[in-house]
Amino acid sequence: MAARENIRNIAIIAHVDHGKTTLVDEMLKQGGIYRENQAVVDRVMDSGDLERERGITILAKNTAIHYKDTKINIVDTPGHADFGGEVERILKMVNGVILLVDAAEGPMPQTRFVLSKALDLGHKVIVVINKIDRPDARISEVCDEVLELLLDLNATEEQFDSPTLFASAREGICSFSADVAGANFEPLFDTIVDYIPAPEGDKDGPLQMLVSSIDYNEYVGRIGIGRIERGTIRQNQDVIICDYHNAEQRDKGKIVALYEFDGLARRPIESASAGEIVAFSGMSDVTIGHSLCAPDAVEPLPFVKISPPTIEMTFSVNDSPFAGREGKFVTSRNLRDRLDKELLKDVSLRVSEQGTDAFNVAGRGEMHLSILIETMRREGYEFQVSTPRVLTQEIDGKLCEPIEKLICDIPEGSVGAVIEKIGYRKGDLLSMTPIGSRMRLEFSIPARGLFGYRNEFLTDTKGEGIMSSVFDSYAPMKGEIDRRAVGSLVAFETGVAVAYGLFNAQDRGVLFIGSGTDVYAGMVVGQCARNEDMAVNICKKKQLTNMRSAGADESLRLVTPRNMSLEQCLEFLADDELLEVTPKNLRIRKRILDHATRMRNVMKTRQ
């Protein structure tokens with residue numbers, strides 16, 4: 001087995017907002033990808049609008065730089081556990097990882113999740129402590145925490161002795177000592193070349209390649225991305241598509257176009273040999289986990305099955321009185337086609353039809369599904385979604401639910417409020433660790449207990465708390481958990497909200513809409529202060545007589561309505577409510593719009 005000494009394949013793994021994409025930016029700049037006068041945007045690897053707005057990586061992306069005589073293929077992976085399906089498959093393409101850790105926050109749950117996957121595959125690890133220029137950096141403690149994490153994850157002796165570097169990705173500097181400021185990223189590049197093993201493979205043997213990622217292009221269709229394990233791949237070559245988990249699959253295919261990664265571009269090539277990461281097009285039915293083999297040596301490569309989804313929502317055609325007003329794609333066929341297209345590139349998603357107009361969409365978490373909803377909304381889709389539900393499993397005859405490991409980094413004064421709220425949601429406190437003037441609490445909590453908690457958490461911690469969770473295991477159901485302690489203010493009739501009606505309704509709770517907003521009967525227009533739903537007539541106008549003048553309305557003072565984001569709307573939803581999603585608006589509504597019918601149903605359930 002010959003090693004390709006001029007190639008290194010690495011993935012960068014870290015928690016959300018620890019600086020992965022900024023690090024890749026600087027590696028590209030110092031790797032000579034840009035010409036001197038080229039205009040460069042920050043966080044160039046965040047290709048989508050949503051990624052830029054939220055500051056998170058959603059899709060794993062490939063790039064490559066050249067350092068001296070070595071080509072370094074880099075994969076920028078998502079840090080959020082909801083996109084863990086992206087991470088699990090990407091790690092099959094690389095020979096080592098860079099573990100990026102914030103110098104103040106230290107290792108977080110998602111860091112643990114991704115690192116455990118890398119260690120299981122036997123990858124070598126380079127630890128980079130980032131943001132060492134932060135005023136609250138605690139570099140020595142974070143180094144100890146990383147070593148403890150490696151011990152916890154049963155790292156081998158070689159993995160435990162991983163080289164550690166200290167960097168400020170924003171400044172573009174890196175060094176081997178926290179006390180010595182570096183000048184550039186050369187120490188990191190040298191460590192990658194010296195420490196990460198070169199990919200091995202017999203380039204003269206029959207072709208064998210595992211598809212680890214999928215892209216889609218309107219012009220060439222589906223694009224497969226993966227690393228060549230053995231042999232040489234050529235343009236116009238005939239191959240057999242096979243699957244390690246399905247021995248019967250033997251489909252013929254042809255490599256129509258072949259590309260290599262060079263900086264931010266894909267460059268067409270004629271051929272590539274073992275060790276290279278390449279992209280190819282020409283096969284519409286190839287998917288993640290498939291192997292491409294030479295017709296005379298069909299040997300599929302093993303591929304770890306992606307962890308199953310834990311949360312499900314129902315996407316259905318919008319049937320509200322305002323249906324079709326704002327969306328470009330509104331039919332069930334449009335919805336089905338769009339979800340099928342998403343399945344082509346998102347390996348963690350599951351879609352099943354429920355009747356003619358509804359689809360159950362299962363994913364890895366609330367953020368996973370909310371990103372899909374927001375993306376579809378921006379593309380012009382109009383639909384409605386239900387409350388998130390956890391997917392249960394029957395284990396040893398017992399009904400079990402997904403349990404999350406939750407870590408909260410909060411001010412000391414908020415500890416009591418957070419523990420009380422988590423206890424109410426059936427969570428168990430595992431540990432409490434002081435970190436400077438803050439406390440780090442670790443909980444084990446049912447996934448459904450976290451629905452709708454983020455807003456409460458930010459209120460209890462006065463906006464200073466950081467919470468993150470990762471799937472831990474399945475455990476027996478923990479009993480009933482109330483979703484929320486407040487009711488909804490529901491519009492009584494269809495019309496336009498007026499100041500007089502809103503003024504009378506605002507004493508009942510917090511309003512979500514302002515004057516002049518179109519509403520329909522059964523639409524939720526606010527949060528009721530009491531633990532029950534209340535019908536309000538916000539379209540009611542003041543009756544004008546010779547004793548009452550229109551000018552008297554000028555003294556009405558309306559409270560500024562609460563502007564709800566998509567995540568906040570999903571958190572607020574009750575089981576008898578739906579969220580109407582259009583390109584222009586998000587409207588919460590009752591499943592049963594008619595007030596009298598809804599009241600009859602409520603009375604039946606109370607009996």
Side-chain angles (χ1 to χ4, degrees), residues 15-19 53-56 79-82 102-111 131 133-138 141-142 145 365-367 370 404-470 481-488 506-507 509-512 526-531 559-573 586:
H15 184 73
V16 179
D17 203 29
H18 279 200
E53 287 170 24
R54 296 179 183 229
I56 58 173
H80 201 285
D82 283 13
D102 190 298
E105 292 182 11
M108 298 292 271
Q110 273 87 333
T111 318
K131 304 187 184 181
D133 50 348
R134 278 183 64 158
D136 56 346
R138 22 179 222 104
E141 292 100 316
V142 168
E145 287 171 17
E366 267 188 299
M367 178 173 274
S370 71
E404 303 260 329
K405 184 169 278 188
L406 171 70
I407 290 187
C408 303
D409 202 338
I410 57 176
E412 283 184 353
S414 309
V415 171
V418 171
I419 291 177
E420 182 186 350
K421 292 283 175 65
I422 295 289
Y424 179 70
R425 291 165 175 269
K426 301 286 191 286
D428 299 319
L429 180 65
L430 302 177
S431 68
M432 186 189 301
T433 314
I435 298 177
S437 62
R438 296 169 72 84
M439 293 291 280
R440 179 168 292 178
L441 308 179
E442 191 172 326
F443 298 94
S444 174
I445 182 171
R448 61 196 169 100
L450 290 174
F451 294 163
Y453 176 60
R454 191 170 295 273
N455 277 343
E456 277 186 53
F457 174 77
L458 289 174
T459 303
D460 291 341
T461 60
K462 300 178 177 63
E464 293 183 33
I466 301 168
M467 65 176 274
S468 53
S469 62
V470 65
I481 300 174
D482 288 335
R483 278 294 302 272
R484 64 185 201 205
V486 291
S488 300
Q506 68 185 13
D507 292 337
V510 180
L511 292 173
F512 299 157
Q527 174 184 302
C528 183
R530 289 191 280 183
N531 187 13
V559 177
T560 305
R562 182 193 294 171
N563 206 350
M564 301 268 276
S565 68
L566 174 62
E567 273 84 7
Q568 288 171 326
C569 288
L570 290 174
E571 287 182 1
F572 182 79
L573 279 185
L586 296 168

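Sequence positions, counted from 1, serve as the residue numbers for this chain. Computed from a predicted structure; not experimentally measured.
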S.K.: Check for a donor-acceptor pair, side chain of R438 on one end and backbone N or O of D409 on the other, with a separation under 3.5 Å.
M.R.: yes
S.K.: Can you tell me how far apart CE (M439) and CD1 (I410) are? Round to the nearest 0.5 Å.
M.R.: 7.5 Å
S.K.: So do L406 and M467 actually touch side chain to side chain, heavy atoms under 4.5 Å?
M.R.: yes
S.K.: Spell out, as yes or no, whether a donor-acceptor pair under 3.5 Å connects the side chain of R425 to the backbone of F451.
M.R.: yes
S.K.: Please find the pair of heavy atoms, one from S414 and one from T461, that lie closest to each other, and give the distance.
M.R.: OG-CA, 3.5 Å
S.K.: So, taking the atom named CD1 in I445 and the one named CG in D428, what distance separates them when rounded to the nearest 0.5 Å?
M.R.: 9.0 Å
S.K.: Could you list the residues that satisfy ring-ring contact (aromatic ring centres under 6.0 Å, His included) with F443, not counting sequence neighbours?
M.R.: none
S.K.: Would you sort out whether V418 and L441 count as a side-chain contact (heavy atoms from CB on, under 4.5 Å), showing the intermediate values?
M.R.: CA-CA 9 Å; V418 171; L441 308 179; 4.2 Å; yes
S.K.: Are K421 and D460 packed together at the side-chain level, in the sense that at least one heavy-atom pair is separated by less than 4.5 angstrom?
M.R.: yes
S.K.: Would you please name every residue forming a salt bridge (Lys or Arg N to Asp or Glu O under 4.0 Å) with E145, sequence neighbours left out?
M.R.: R138
S.K.: For a 4.5 angstrom cut-off between non-hydrogen side-chain atoms, does I422 reach L429?
M.R.: no
S.K.: Near N563 CG, under 6.0 Å, is it more than 12 heavy atoms from other residues, nucleotides or ligands?
M.R.: no
S.K.: Any chance you could measure L586, atom CG, to C569, atom SG, to the nearest 0.5 Å?
M.R.: 5.0 Å
S.K.: Could you pull out all residues at least two apart from E442 that satisfy side-chain contact (heavy atoms from CB on, under 4.5 Å)?
M.R.: K405, I407, L430, S431
S.K.: Give, for atom CZ of F512 and atom CE of M564, the distance between the pair rounded to the nearest 0.5 Å.
M.R.: 4.0 Å
S.K.: Under a 4.5 Å cut-off applied to non-hydrogen side-chain atoms, are V142 and E105 in contact?
M.R.: no
S.K.: Looking at Q568 and S565, would you say the former's side chain and the latter's main chain have a donor-acceptor pair under 3.5 Å?
M.R.: yes
S.K.: Going by ring-ring contact (aromatic ring centres under 6.0 Å, His included), name the residues that satisfy it together with F457, two or more places apart in sequence or in a different chain.
M.R.: Y453
S.K.: So, using side-chain contact (heavy atoms from CB on, under 4.5 Å) as the criterion, who are the partners of P446 when residues are at least two apart?
M.R.: E401, I403, K426, R448, K478, I481
S.K.: Listed by chain and number, what are the side-chain contact (heavy atoms from CB on, under 4.5 Å) partners of Q506, not counting sequence neighbours?
M.R.: F503, L511, L558, V559
S.K.: Take atom CZ in R134; do more than 12 heavy atoms of anything else shown fall under 6.0 Å from it?
M.R.: yes
S.K.: Report the distance from atom OG of S488 to atom CD of Q527, rounding to the nearest 0.5 Å.
M.R.: 8.0 Å
